[in-house]
> 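Before I ask anything, let me first share the structure, which is written out below as structure tokens.
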Amino acid sequence: KTITHTDDGVPIVNASMAQIRKGLSGKAATQLVRIPQVAERSKFYVEAAEIIGERESHALPYHGGRMWKVEVKVSDDKGAYGDNCKGKGRRSNNNDDDDED
């Protein structure tokens, strides 16, 4: 079953990545959004994981003069996945060829 509102009555609407990046305005700006496509959610998860990992690594104290590396993995129960791991271990559900391997 698809949930259309939060317990507080805030609407949850479908949106594409293009709509989100463009910015929601007016009434839509106060709604939560759902990204139905797994590949599109995965792209967002990769971006979120990279930002979270960077902020978390800066929040930790230096270790022997070196910065910490924080590995972040984001997923949902519908199969979308993204992480901030560079190299062979990196995977996501998007079909782009621009990931570093």
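For the single chain, residues carry numbers from 1 onward in sequence order. All values below come from the heavy atoms of this structure, side chains included, with hydrogens, waters and symmetry mates left out.
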> Heavy atoms only: give me the nearest Ala15-Pro36 pair and the separation to one decimal.
O-CD, 3.9 Å
> Name all residues meeting the side-chain hydrogen bond (donor to acceptor under 3.5 Å, both in side chains) criterion together with Lys73; count only those two or more places apart in sequence or in a different chain, and write none if there are none.
Glu71
> Return the NE2 to CG distance between His5 and Leu32, rounded to the nearest 0.5 Å.
10.5 Å
> Whether the side chain of Asp83 engages the backbone of Val72 through a donor-acceptor N/O pair (distance < 3.5 Å, no angle test) should be reported.
no
> How far does OH of Tyr81 sit from OG of Ser42, to the nearest 0.5 angstrom?
10.0 Å
> Quick check: is Ile51 connected to Val33 through a chain of hydrophobic side chains (ILVMFWY, heavy atoms under 4.5 Å apart)?
no
> Could you list the residues that satisfy side-chain hydrogen bond (donor to acceptor under 3.5 Å, both in side chains) with Asp76, not counting sequence neighbours?
Arg41, Tyr45
> The criterion is side-chain hydrogen bond (donor to acceptor under 3.5 Å, both in side chains); which residues satisfy it with Arg55, sequence neighbours excluded?
none
> Would you name the heavy atoms of Ala49 and Val74 that are closest together and state the gap between them?
CB-CG2, 4.0 Å
> How is the hydrophobic cluster of Tyr62 composed, in terms of its other members, when Ile, Leu, Val, Met, Phe, Trp and Tyr link through side-chain heavy atoms under 4.5 Å apart, directly or indirectly?
Met67
> Measuring from atom CD1 of Ile35 to atom NZ of Lys78, what distance do you get when rounded to the nearest 0.5 angstrom?
15.0 Å
> For Gln37, check side-chain hydrogen bond (donor to acceptor under 3.5 Å, both in side chains) against everything at least two apart and list the hits.
none
> If the condition is salt bridge (charged side-chain N to carboxylate O under 4.0 Å, His left out), which residues does Glu56 pass it with, not counting sequence neighbours?
none
> What are the two closest heavy atoms between Asn84 and Gly53, and how far apart are they?
ND2-CA, 3.7 Å
> Can you tell whether the side chains of Glu50 and Lys86 come within less than 4.0 Å, N to carboxylate O?
yes
> Which heavy atom in Val46 sits nearest to a heavy atom in Gly82, and how many Å separate them?
CG2-CA, 3.6 Å
